[in-house]
Peer 1: 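Just passing along the structure, written as structure tokens.
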2 protein chains.
Amino acid sequence: MTARHEEIADELRRAIAREEYTVGSLLPVETELAARYGVSRGTVRQAVATLTSEGLIGSRQGARRVVLASRRSQSFAELRSFAQWARAMGRRASGHVVSQELRPATDEDAERLQLPAGTEVLRVLRVRGLDGEPILLERTVYADWIAPAVAALDPECASVTQRLYEDTGLVFAYGEHVIDAVAAGAQDAELLGIRRTSPLLRVRRVTTTREGRPVEWSDDRYRSDAVSFSVHNSTDRNPLSREASD
Amino acid sequence: MTARHEEIADELRRAIAREEYTVGSLLPVETELAARYGVSRGTVRQAVATLTSEGLIGSRQGARRVVLASRRSQSFAELRSFAQWARAMGRRASGHVVSQELRPATDEDAERLQLPAGTEVLRVLRVRGLDGEPILLERTVYADWIAPAVAALDPECASVTQRLYEDTGLVFAYGEHVIDAVAAGAQDAELLGIRRTSPLLRVRRVTTTREGRPVEWSDDRYRSDAVSFSVHNSTDRNPLSREASD
DNA sequence: TAGTGGTCTAGACCACGCA
DNA sequence: GCGTGGTCTAGACCACTAT
């Protein structure tokens, strides 16, 4: 069952993509869209709010909505699922566990995963590839309560998220990510097949269940010649933030 | 004039920040919040939608809302305004124009700024600092119609955005940003006072007016030991995206 | 000043989760 | 099956933009 406002958002998105509304031009007013689709103004507003949050259109009180871009960049909703992201681009994801060990949680582990200090957690070092080429190095720490299921996975498993869902019903629902750049260390360089000190795009993240319980935290390093992140923003509101260290 | 839903969002945000609702606990149901604040359910929903988009709470049909985080990271809305961002952190922003020249637009300039090829554009190389320390190198190209106002600015101007607004009424309203990592080149290293090949966090962006008209595009390089970006996401929807270059 | 998007209401029904 | 959040309506009024 698809909500009407999503259908309308879809139609508008497509109309913009095929340049029926060109970048810089104005969208029809709410009342006209409501009449056209046979819905109330509230439903139209829900639809255009979606496009606004996608950065496709801009909105200000008193003025007509304006088209800002014709296409939305690939969704980032799959950040936690490398495999789904690869599939959406029509590429093949692979994975390979380099090492894996059960260890007592450090203070950092305990804090990020909201566990008592010393709980046994699972540390996994995994290389992920696109079409066979190594792209990403994941250093992940899993909470004790999910560690057995992770340890039981095939070391070559291409989609950890999907397997864990099938095996245990676990859903990775929310994530908090911090992005910066680091120089490749010796191990990074060897496993990714690049030179030492090459710049890498690093994402440190904590992933939680739908209930807000932390499942894992990870230091992910992407080859910066292979991956980039993109984001829209506006004066009104924005989801990404910039932070200074120290 | 503050909207009621914003006031309510603020109160809830503060209640979460002071741990009246702790991370992992449940928010009151909509009807109760509506009664408590003396508003309709719709207004409550607007307020909690704001917190949801900030990553503070999680929402799923049928289940109670859950608190995911107690504090929101610094807003990224000021990505376009280095000075405002610095001020929000209680730090002092500085700026210094290293070089500036009027040149015919390259094909890339013309495309990004939606100008005819060969239009005269202004290229500016600027170092930005926090509390006197160089942090960011901006290589910006301004559209012809704003170039005179930019060229007339004080080379040491700390807030370009604010000065342009005061001088011309121009508002930087929307931005599209692509984030990756690069190694510092010779010029980068010299101007930022770091070693060559140090990893830098690069943001390439296009900024537009409220009408969707491109004003400038820029290659910004941040010292990665000084700045990071952060973002929330959820399975539902997310504003940031990840792209492979190949 | 006319027209637009933003706010808010009061009510109805539905899809989903959880026990 | 009950309670929750999600969808949708029809109408009112307001704040802001544009002319």
Side-chain angles (χ1 to χ4, degrees), chain A residues 1-12 21 24-53 56-68 165 169-171 173-174 209-213 234-237, chain B residues 1-12 21 25-53 56-68 169-171 173-174 209-213 234-237:
Chain A
M1 192 56 197
T2 309
R4 190 78 181 99
H5 72 87
E6 283 180 20
E7 291 176 4
I8 295 171
D10 246 21
E11 293 196 39
L12 289 174
Y21 303 115
S25 68
L26 303 177
L27 224 57
V29 299
E30 293 177 355
T31 50
E32 202 215 300
L33 290 173
R36 182 187 305 180
Y37 294 113
V39 298
S40 77
R41 208 185 134 207
T43 303
V44 166
R45 284 180 59 77
Q46 250 183 304
V48 296
T50 304
L51 301 203
T52 302
S53 79
L56 289 181
I57 63 180
S59 219
R60 329 136 50 196
Q61 188 173 78
R64 290 270 294 278
R65 291 190 173 83
V66 62
V67 179
L68 296 174
Y165 174 68
L170 179 70
V171 175
Y174 305 106
T209 65
R210 291 176 298 195
E211 292 79 26
R213 190 179 189 196
S234 80
T235 40
D236 293 340
R237 180 160 293 120
Chain B
M1 191 58 198
T2 309
R4 190 79 181 100
H5 71 87
E6 283 179 21
E7 291 177 3
I8 296 170
D10 245 22
E11 290 195 40
L12 289 173
Y21 304 114
S25 70
L26 302 177
L27 223 57
V29 300
E30 293 178 356
T31 49
E32 203 215 301
L33 290 173
R36 181 186 307 179
Y37 294 113
V39 297
S40 77
R41 207 185 136 210
T43 302
V44 166
R45 286 180 58 77
Q46 250 183 303
V48 297
T50 303
L51 302 202
T52 303
S53 79
L56 289 179
I57 63 181
S59 216
R60 328 138 48 198
Q61 188 171 75
R64 290 274 290 280
R65 290 190 174 83
V66 62
V67 179
L68 296 174
L170 179 70
V171 175
Y174 305 105
T209 65
R210 291 176 298 196
E211 293 79 26
R213 190 180 188 193
S234 80
T235 40
D236 293 340
R237 181 159 295 123

Peer 1: For B/Arg60, enumerate each residue passing the salt bridge (charged side-chain N to carboxylate O under 4.0 Å, His left out) test, keeping only those at least two apart in sequence or located in another chain.
Peer 2: A/Glu211
Peer 1: Ignoring hydrogens and angles, tell me if any N or O in the side chain of B/Arg41 forms a donor-acceptor pair with the backbone of B/Ala34 under 3.5 Å.
Peer 2: no
Peer 1: Tell me, please, which residues at least two apart from B/Arg213 pass salt bridge (charged side-chain N to carboxylate O under 4.0 Å, His left out).
Peer 2: none
Peer 1: Please report the distance, rounded to the nearest Å, between OH in B/Tyr37 and P in C/dT9.
Peer 2: 14 Å
Peer 1: Can you build the contact string for nucleotides 2-7 of chain C? Use B for base contact, S for sugar-phosphate-only contact, and - for no protein heavy atom under 4.0 Å.
Peer 2: -BBBBB
Peer 1: With side-chain contact (heavy atoms from CB on, under 4.5 Å) as the test, would you mind laying out the steps for A/Glu6 and A/Thr50 before giving the verdict?
Peer 2: CA-CA 8 Å; A/Glu6 283 180 20; A/Thr50 304; over 6 Å; no
Peer 1: May I have the distance from B/Leu26 (atom CG) to C/dG17 (atom C1'), rounded to whole angstrom?
Peer 2: 12 Å
Peer 1: Counting only N and O atoms by type, is there a donor-acceptor contact under 3.5 Å from the side chain of A/Arg210 to the main-chain atoms of B/Ala63?
Peer 2: no
